[in-house]
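A short write-up of the structure that comes next.
So you know, we letter chains A, B, ... as the sequences are listed, proteins then strands, and number each from 1. All figures in this text were calculated on a predicted structure; none of them were measured in a lab.
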Amino acid sequence: MSRIQTLFHRKNTRVLNIYFTAGYPELNSTLAIIAQLEKSGADVIEIGMPYSDPIADGPVIQQSSAKALQNGMSIEVLFTQLSELRSLCSIPVVLMGYMNPVLQYGFEKFCEQASKVGIDGIILPDMPVIEFERVYSPVLKKYGLDMIFLVTPETSEQRVRLLNQCSSGFLYAVSSSSTTGKDKDFSKVEQYLERLLSYRLHNPILVGFGIHNAATFTAATKYAQGAIVGSAFIKWLDEKGATTESIDHFVKNIKGV
Amino acid sequence: MHTQFSVPDADGYYGEFGGAYIPEMLFQNVEQLRTQYRLIMEEESFQKEFNALLKDYVGRPTPLFHAKRLSEKYATTILLKREDLCHTGAHKINNTVGQVLLAQRLGKKRIIAETGAGQHGVATATVCALKGLECIVYMGEKDMQRQEPNVARMRMLGATVIPATSGSKTLKDATNEAIRDWINNPVDTHYIIGSVVGPHPYPDMVARFQSIISKEIQDQLLNEYGVDKPTRVMACVGGGSNAAGAFYHFLDDSEVEIVAVEAAGHGVHSGMSAATTQLGVTGVLHGSKSIVMQTSDGQVVEPHSISAGLDYPGIGPLHAHLFNSGRGIFINATDEEAMKAAFEISQLEGIIPALETAHAFAVLNDMKFDPSDITVICLSGRGDKDLSTYMAELKKQVDHE
């Protein structure tokens, strides 16, 4: 069983996944943020690999990516930093990024390195399913990496099932408003999540939009096994800094403890 | 071996390039387009309305003009396909007419577009005004400054122009913003991409709408010159929509030479260039696999060209395949060479070309022509929008004297 599957086996409600951009706010803040997120009670960590043209992200994450790139972050640098990952972190860690930098690094080399440093899963929002099936799936399997696909309120049932079939670890439920990092009418969100729930998919679902405090976390996790907090955390780091206290405060506030 | 260059395979690939590398948030819209575009384009009512608008609104067919003084200079025959005479001043409107009609048939109420030089934005705003559709155009902040008259045109036509303030603040970033808008408005909006770039089916759809250019060239050559094909067709390439349109009906005839001219900026190896095939490697940008200018770490670089319409770090997958397969000859012209050519063509033929178009003329000196050759150059746009750049050049010339 993979580290992600073990987690959901042990805990299938209120799973908290926190996203941050590698190399932000400082080039070398990556590991310290990871260690503190685990200590403060995050269940999964999603590390964003910064890209110059992040079309699936909103302005907050785009700005953090631009800053991280300015700081000198790259896939190469990230893997060097993450060589110490498993000496200080035991929870699942996934990498999120875009196809172009990964292809440029070399897809197989990327999977090999990710696996070597102890990464558990990969999220590449612009990977076509057809390419995944044709080319990439065997490579991910070879290195024991979970692949996580996104679904949206517009995704048809047939396609949700296809994306669920291609995914392992969990399924990432986003909404059309997810690039803005803003709230949306929550009754529509409820309908969407109830629909996903009714499909009885084999993967757990993490909700990835609009979650920024205890109330929205509780509302989202009423229908899904967990939730992902991204923009809100980046904004928090920007305003309060990446100190032990600020990260601890943020995580505990979301969890409502 | 027979390979068809003009159309992609069922998954939208031209050779190894193309496809649809899009986040799931765009899937439904792109899929709707993919399953519908051919069906709608082939409907009789669509064809009728499209052709009528091209004729009476755009002003097609555009002339195939024998440039006698230019021909004399190179001791050959050079014909100019006058896309500069289209309504709004460039070939861009062929595609926007087609996509607006398509969007209406898909039930879309809101149109978004990206623009570089502003020609595609103006063409989109124009057809939206004609059809009473809401129009939002994303334009790089830097391009808004260097193409001010086109910003004014779009606003006068009732469009909302939104500056793209991220990255290099040019076409690439305007495209990112337009894609984000589409993600945030997944139901009522159609995104009119202005070039043969983007996820499948855009490159094929835009090429088909622009293919009217080569269809007319074919007819005009036959009727006016008694030949069924030219020796070669030349066009400038940024994303490559005027080139795709001018090449289209000749791509699968290996006897016709295909010449694409990219923007070298200050020089291909100056670090200030937009010659994508010379500087890029295989990558993914704006939804398709193509040749992309990028760092060794896979970050897309900021290109440079004096012409906003060629200032793009990618190239349509069709062109990437023409380049890689050797079917197309890819050469380039610098800012300075393009400027010189713009003045030359103005004074030889009485036609002030767009700076983008001037690149196609800037390489003539380096080419070998046979007296019996017939060379067609796509004169993709007129130079009105570049007047401030030309005025600065005129001032420089006066200061030198």
Under 4.5 Å from any heavy atom of chain A, what part of [X] do you find: side chain, backbone, both or neither?
X	value
Gln28(B)	side chain
Glu177(B)	side chain
Ile179(B)	side chain
Thr175(B)	neither
Val281(B)	side chain

* Residue list, ring-ring contact (aromatic ring centres under 6.0 Å, His included) with Phe20(A), at least two apart or on another chain ->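 With sequence neighbours excluded, Phe20(A) shows a ring-ring contact (aromatic ring centres under 6.0 Å, His included) to no residue whatsoever.
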Using 0.5 Å steps for rounding, measure from the [atom1] atom of [X] to the [atom2] atom of [Y].
X	Y	atom1	atom2	value
Glu154(A)	Phe27(B)	CD	CZ	12.5 Å
Asp173(B)	Ser52(A)	CG	OG	9.0 Å
Trp182(B)	Ile55(A)	CH2	CD1	11.0 Å

Counting only non-hydrogen atoms closer than 4.5 Å, does [X] touch chain B with its backbone (N, CA, C, O), its side chain (CB onward), both, or neither?
X	result
Gln63(A)	neither
Met73(A)	backbone
Pro50(A)	backbone
Leu150(A)	both
Val151(A)	backbone

Any side-chain heavy atom of [X] within less than 4.5 Å of one from [Y]?
X	Y	result
Leu103(A)	Val284(B)	yes
Ile22(B)	Asp126(A)	no
Tyr51(A)	Val300(B)	yes
Asp297(B)	Gln104(A)	no

* To do: Mark yes or no for whether Arg180(B), through its side chain, and Asp57(A), through its backbone, hold a donor-acceptor pair below 3.5 Å.
  => yes
Show me the donor-acceptor pairs within less than 3.5 Å that the side chains of residues 194-202 of chain B make with the rest of the protein, sequence neighbours left out.
{"unit_1": "Ser195(B)", "atom_1": "OG", "unit_2": "Gly240(B)", "atom_2": "N", "d": "3.2"}
{"unit_1": "Ser195(B)", "atom_1": "OG", "unit_2": "Ser241(B)", "atom_2": "N", "d": "3.4"}
{"unit_1": "Tyr202(B)", "atom_1": "OH", "unit_2": "Tyr191(B)", "atom_2": "O", "d": "2.5"}

* Structure fact -> Most contact-rich option vs chain B, by heavy-atom pairs under 4.5 angstrom, among Glu76(A), Met127(A), Gln62(A), Met99(A), is Gln62(A)
* Asked: Asn100(A) and Gln294(B): side-chain donor and acceptor closer than 3.5 Å?
  ->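 Looking only at side-chain atoms, Gln294(B) and Asn100(A) do form a donor-acceptor pair, the distance falling under 3.5 Å.
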* Asked: Among Leu163(A), Val160(A), Val129(A), whose side-chain contact (heavy atoms from CB on, under 4.5 Å) with Glu24(B) holds?
  ->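 Passing option: Leu163(A).
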* Asked: Between Lys289(B), His286(B), Lys172(B), which residue shows the highest count of heavy-atom pairs closer than 4.5 Å to chain A?
  -> Lys172(B)
* Under a 4.5 Å heavy-atom cutoff, which of Ala20(B), Pro23(B), Gly19(B), Gly287(B) has the most pairs with chain A? ->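 So the answer, after comparing Ala20(B), Pro23(B), Gly19(B), Gly287(B), is Pro23(B).
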* Do the charged groups of Asp11(B) and Arg134(A) touch, with an N to O distance under 4.0 Å? -> yes
